[in-house]
K.L.:
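Please read through the structure below; I'll follow up with questions.
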There are 2 protein chains.
Amino acid sequence: MFSVTSQYALRALAYLATQQPDAMVGGQELSRQTGIPKNYLSKILLALGNAGIVEAVRGNAGGYRLARAPNEVPLIRVVELFERHVAKRACLLGLRRVCSDEDPCMAHNSWRPAKLAYFDFLETTTLLDISSAGKLTAP
Amino acid sequence: MFSVTSQYALRALAYLATQQPDAMVGGQELSRQTGIPKNYLSKILLALGNAGIVEAVRGNAGGYRLARAPNEVPLIRVVELFERHVAKRACLLGLRRVCSDEDPCMAHNSWRPAKLAYFDFLETTTLLDISSAGKLTAP
DNA sequence: CTCATTGTTGACAGCTCGGTCAGCAATCTG
DNA sequence: CAGATTGCTGACCGAGCTGTCAACAATGAG
């Protein structure tokens, strides 16, 4: 459903959301706990930092932490950074740039209920929801 | 949402579904009508042929046609040929191979309604549904 | 049979994504 | 200041996806 990069981002953020607020987590520890390659994780966190979702501190005892409370970050704010089809609300068949009720493509009406459920999930679910529901259990 | 290849497959099949049953459509015409590159389309149709979704006839006056009635082909039979996450019913966060109600991942309960709507759409929508709802209007 | 037409096959090129690595920059400790 | 620690940056690589091309195989028309 989502690219590996989006999955990594959500997993890292879900882990950060389980920490005490303002507690710094080093990239090394975050990598170990989530099973995400350390150097690749650092690039993902950079993008999340530019988007204002995490804060990074360099130097000794530095690391990462959430820039906002977990319940203030809906998943779509994360995923749209890495998934073009989410940012563009793309049509199912790729026929039009935007596919609206007023200007539908062939598959629009069939696709509509699932599309609504999909974007409703992304907009109403927050980091708090996916971080408080169990353990991370990296693969 | 889907890869370009899946979108191409659905568009080509939707066009074939609008034709008279048993009518052959040449690859050249199919390519023109759908806006799909001719040579790439032929590879997609080969996969659809191996899956028993289309029939191909070579030689003069050959072409392609659906192997079954449009209402007998749910979209998931098409998409699962090209999308790994559909074939595997993959979990949202990529944490487990299978993510079930009995053995959920962190995001499972939040993701559940949207996931059900998504697979319900793929399993109940057929080529007839997406071919009878309007014109193809290639990009 | 001969030829044109059409689908099949295999090789290849360009691009993006996932991932690695080395060096640079900032920050804290002593 | 000196050194260690940590994040940042840029280069690079391999795999898979999208797309192109040329040669091959089958089929029907003449």
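Residue numbers begin at 1 in each chain, while the letters A, B, ... track the order of the sequences. The figures that follow rest on heavy atoms only: side chains count, while hydrogens, waters and symmetry mates do not. All figures in this text were calculated on a predicted structure; none of them were measured in a lab.
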K.L.:
Please check if the side chain of A:Arg65 supplies one atom and the backbone of A:Ala23 the other of a donor-acceptor pair under 3.5 Å.
P.N.:
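Not at all, since once roles are kept as given, no pair shorter than 3.5 Å links the two residues.
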K.L.:
Short question: side chain of B:Ser31, backbone of B:Gly27 - any donor-acceptor pair under 3.5 Å?
P.N.:
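No: the side chain of B:Ser31 does not pair with the backbone of B:Gly27.
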K.L.:
Kindly assign one of parallel, tilted or perpendicular to the pair B:Tyr118 and A:Trp111, based on the angle between their ring planes and the thresholds 30° and 60°.
P.N.:
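Taking A:Trp111 first and then B:Tyr118, their aromatic rings stand perpendicular (interplane angle over 60°).
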K.L.:
Using whole Å, what does the distance between atom P of nucleotide D:dT18 and atom CG of B:Leu45 come to?
P.N.:
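It works out to 15 Å between those atoms.
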K.L.:
Round to a whole Å and report the spacing from CG of A:Asn50 to C1' of D:dC8.
P.N.:
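Atom-to-atom, A:Asn50 to D:dC8, this comes out as 11 Å.
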K.L.:
Is B:Tyr40 near enough to C:dT8 that one of its side-chain N or O atoms lies under 4.0 angstrom from OP1 or OP2?
P.N.:
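No, B:Tyr40 has no side-chain N/O under 4.0 Å of OP1/OP2 on C:dT8.
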K.L.:
Taking the nucleotide of DNA chain C with the closest heavy atom to each, which residue, A:Asn39 or A:Gly59, is nearer the 5' end?
P.N.:
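So the residue in question is A:Asn39.
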K.L.:
Students often get this wrong, so: under 4.0 angstrom with heavy atoms, is B:Tyr8 touching a base, only sugar-phosphate, or nothing?
P.N.:
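The answer is sugar-phosphate, as B:Tyr8 gets under 4.0 Å only of primed atoms, P, OP1 or OP2.
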K.L.:
Can you check the A:Arg58 CZ to C:dC24 P distance for me, whole Å?
P.N.:
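Answer to the nearest Å: 14 Å.
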K.L.:
Return the value, rounded to whole Å, for the distance between atom CE of B:Met24 and atom C1' of C:dT5.
P.N.:
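Rounded to the whole Å, the gap is 14 Å.
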K.L.:
Where each residue is assigned the nucleotide of DNA chain C containing its nearest heavy atom, which of B:Ala56 and A:Thr5 is assigned the position nearer the 5′ end?
P.N.:
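Its nearest nucleotide lies further toward 5', so the answer is B:Ala56.
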K.L.:
Do B:Leu116 and B:Asp120 have side chains that get closer than 4.5 Å, going by heavy atoms?
P.N.:
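The answer is no; the side chains never approach within 4.5 Å.
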K.L.:
Pick base, sugar-phosphate or nothing for B:Gly49, based on heavy-atom distances below 4.0 Å to the nucleic acid.
P.N.:
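Touches nothing.
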K.L.:
Rounding to a whole Å, what distance do you find between A:Glu29:CD and D:dT5:C1'?
P.N.:
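Roughly 15 Å, once rounded to whole Å.
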K.L.:
Given D:dT18, D:dT9, D:dG19, identify the nucleotide with an atom nearest to the side chain of B:Pro37.
P.N.:
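When the side chain of B:Pro37 is considered, D:dG19 is the closest of D:dT18, D:dT9, D:dG19.
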K.L.:
Closest approach to the side chain of A:Val4, judged atom by atom: which nucleotide of C:dG7, C:dG19, C:dT27 is it?
P.N.:
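For A:Val4, the side-chain atoms sit closest to C:dG19.
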K.L.:
Hey, is the side chain of B:Lys38 pairing donor to acceptor with the base of C:dT6 inside 3.5 Å?
P.N.:
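No, no donor-acceptor pair under 3.5 Å.
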K.L.:
Can you measure A:Tyr64 atom OH to C:dT27 atom P for me and round it to whole angstrom units?
P.N.:
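Checked: the OH to P distance equals 14 Å.
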K.L.:
Looking at the side chain of B:Asn60, which of C:dT20, C:dT5, C:dT29 is the nearest nucleotide?
P.N.:
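Comparing C:dT20, C:dT5, C:dT29 against the side chain of B:Asn60, the answer is C:dT5.
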K.L.:
Per the atom types in the model, does the base of D:dG7 pair as donor or acceptor with the side chain of A:Lys43 at under 3.5 Å?
P.N.:
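Answer is no: no donor-acceptor pair is held.
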K.L.:
In this structure, how many angstroms lie between the C1' atom of D:dT18 and the CD1 atom of B:Ile44, rounded?
P.N.:
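Going from B:Ile44 (CD1) to D:dT18 (C1'), I get 9 Å.
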K.L.:
Is there side-chain contact between A:Thr126 and A:Glu72, with at least one heavy-atom pair below 4.5 Å?
P.N.:
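Not touching, per the 4.5 Å side-chain cut-off.
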K.L.:
Rounded to whole Å, how long is the line connecting atom CG of A:Leu46 with atom P of C:dG19?
P.N.:
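Rounded to whole Å, this separation is 17 Å.
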